[in-house]
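Only one structure is covered here, and it is reproduced in the block below.
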There are 2 protein chains.
Amino acid sequence: MEEDVKEGASDKYSLRGRVFSRLREDILNGKYEEGIELREIAIGEELGVSRTPVREAFRQLELEGLIRIIPNKGAYVVGISDKDVRDIYILRSRLEGLAARWAVDHITKEQMEEMEENVYLAKFHIEKGHTEQMFELDNRFHELLYEASGSKILEHQLKDYHQYVLRIRKKTLSSATRGPQSNTEHEAILEAIKNKNHDDAERLAHEHMINAYKNMIDNGLIKPD
Amino acid sequence: MEEDVKEGASDKYSLRGRVFSRLREDILNGKYEEGIELREIAIGEELGVSRTPVREAFRQLELEGLIRIIPNKGAYVVGISDKDVRDIYILRSRLEGLAARWAVDHITKEQMEEMEENVYLAKFHIEKGHTEQMFELDNRFHELLYEASGSKILEHQLKDYHQYVLRIRKKTLSSATRGPQSNTEHEAILEAIKNKNHDDAERLAHEHMINAYKNMIDNGLIKPD
DNA sequence: CCTTGTATTATTGTATACAATCCTTGGAGC
DNA sequence: GCTCCAAGGATTGTATACAATAATACAAGG
């Protein structure tokens with residue numbers, strides 16, 4: 001029964017939690033475009049709730065930087081610029097390297113086993129071209145790495161960024177060449193951790209992000225500098 | 001009149017903003033100890049407001065990781081463990097290095113001038129042993145560095161961490177030896193940026209954090225590993 | 001025609017009322 | 001005395017009512 005213990009602030013079973021998750025997803029997926037104004041009543045009616053949970057969700061979204069609230073005026077969708085995406089990938093490249101380094105000493109047997117299963121299963125879905133499953137497995141691999149780092153702070157931070165660039169990542173992975181290469185890199189990172197090689201783990205995780213970054217630019221998903 | 005444009009989510013002039021700032025400060029300063037339960041009504045009465053702004057502030061504090069809300073039960077202060085502080089310093093060491101590197105290319109003339117003034121003025125207050133001013137100048141130096149990086153993402157992140165370890169930093173800087181050394185290191189970072197030396201800037205900023213970290217441990221302010 | 005001031009309206013900010021949930025406490029049964 | 005359960009109280013979750021603020025429209029004066 002130890003389910004849902006982590007549930008940071010999403011809280012699936014409260015109205016506020018659902019509103020928050022829904023709005024975040026809608027913003028990241030581009031349903032609400034940048035600059036658009038979100039009205040409490042309208043959102044409330046759309047989701048069938050009153051203003052109270054909507055307001056609380058707004059406050060959280062603001063803290064996440066997804067909307068900007070101007071007092072007594074309104075809430076405006078901020079969106080993510082190409083520069084933000086580039087910056088996040090550079091930050092991630094450094095922090096994921098650190099996560100991999102720390103994971104060498106802190107990964108549990110269960111986490112290791114799930115990682116191995118993850119990489120193995122991914123091969124299958126890549127073969128079949130199941131993009132949705134590839135996406136989910138990629139998500140989970142990185143989350144596992146964050147959790148295995150043994151640092152709540154680092155885990156929290158990387159999960160945030162991971163969420164943040166969700167939209168762009170969906171496009172990236174469906175690319176025919178990046179999918180397989182990404183999983184090969186996952187495998188290499190996993191091996192380094194298994195062999196307790198700190199430097200390799202950090203370097204490979206770092207390069208993994210840099211490669212993803214380059215891929216985005218080469219495929220024109222975001223514009224360079 | 002371009003004041004208060006950044007005001008992320010604090011919003012000094014709304015009740016919610018004040019409640020949020022106040023509670024964060026009280027938690028970080030140790031007024032509310034770890035594990036203590038915060039009741040909406042009690043906090044509201046203490047600050048003379050109703051539950052609504054208190055609840056909104058709670059939701060934000062949860063997202064910042066300072067309290068943990070268990071649905072239908074209560075809000076509990078999380079506090080910062082020694083491990084969290086150690087982790088943050090390691091993360092900061094890497095990210096501040098990056099900030100310094102980026103600052104080389106993005107710092108404005110005004111920022112550069114304020115940095116120079118900052119380092120110069122700090123010498124005076126160190127000489128006189130004015131700990132409060134030393135603290136403020138140290139704060140400002142780092143904020144300037146973050147702003148000069150030219151990356152909203154990185155700036156936001158580092159400011160967060162900076163706030164987070166506020167309590168411990170106050171103690172550190174008042175140490176007779178660390179104060180002067182810290183400012184000397186600031187000066188070196190500034191020089192590297194001025195000379196447009198990316199590698200030095202990154203290395204020095206990185207080392208600056210590592211030194212602060214070691215100092216904390218050597219002085220027993222937090223326990224090692 | 002343009003500017004300015006004011007009234008109206010829409011929207012957010014805050015307080016309060018009501019509903020749902022959890023915890024405590026006390027008593028019945030054994 | 002111990003266990004279990006039920007009732008009451010306390011606390012959070014949600015909805016709604018009211019207050020404050022900002023946007024808009026329109027009329028009066030230049």
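Just so it is clear, the values below take in all heavy atoms, side chains as well, and ignore hydrogens, waters and symmetry mates. Numbered from 1 within each chain, the chains take letters A, B, ... in sequence-line order.
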I want to verify a distance call: between dT14(C), dT14(D), dG13(C), whose nearest atom is closest to the P53(B) side chain? dT14(C)
Strictly below 4.0 Å: does R51(A) bring a side-chain N or O up to OP1 or OP2 of dT12(C)? no
Taking the side chain of N72(A) as heavy atoms from C-beta outward, which of dA23(D), dT21(D), dT14(C) is closest to it? dT21(D)
Pick the closest DNA chain D nucleotide for S50(A) and for A75(B) by heavy atoms, then say which residue is nearer the 5' end. A75(B)
Whole-Å distance between dT11(C) P and E45(A) CD? 10 Å
L38(B) near the nucleic acid: base, sugar-phosphate alone, or nothing, with a heavy-atom cut-off under 4.0 Å? sugar-phosphate
Using whole Å, what does the distance between atom C1' of nucleotide dT12(C) and atom CZ of R68(A) come to? 16 Å
Among dT21(D), dT14(C), dT14(D), the nucleotide that comes nearest once only the side chain of L15(B) is considered: dT14(C)
Would you call R59(B)-E56(B) a salt bridge at under 4.0 Å N-O? no
When the distance from CD1 of I69(A) to P of dT11(C) is rounded to whole Å, what number comes out? 16 Å
Roughly, in whole Å, what's the span from CZ in R55(B) to P in dG13(C)? 17 Å
Would you call E34(A) and R68(A) a salt bridge, taking side-chain N to carboxylate O under 4.0 Å as the test? no
Can you tell which of dG13(C), dT16(C), dA23(D) lies closest to the side chain of E40(A)? dG13(C)
Between dG13(D) (P) and F20(A) (CZ): distance, integer Å: 16 Å
Is the shortest side-chain N/O distance from T52(B) to OP1 or OP2 of dT14(C) below 4.0 Å? no
Spacing of I90(B) atom CD1 and I88(B) atom CD1 [to the nearest 0.5 Å]: 11.5 Å
d(CD1, I41(A); P, dT9(C)) in whole Å: 16 Å
Nearest nucleotide by nearest heavy atom, which residue falls closer to the 5' end of DNA chain D, K73(B) or K73(A)? K73(B)
In whole Å, I'd like the distance from the CZ atom of R16(B) to the P atom of dA20(D). 19 Å
Atom CD of E37(A) and atom C1' of dA10(C) are separated, to the nearest Å, by 10 Å
Hey, are R18(A) and E25(A) close enough for a salt bridge, meaning a charged N less than 4.0 Å from a carboxylate O? no
In this structure, is the centre-to-centre distance between the rings of H156(A) and Y146(A) below 6.0 Å? no
Can you tell which of dT11(D), dG13(D), dT16(D) lies closest to the side chain of R39(B)? dT11(D)
Can you check whether R59(A) has a side-chain N or O nearer than 4.0 Å to OP1 or OP2 of dG13(C)? yes
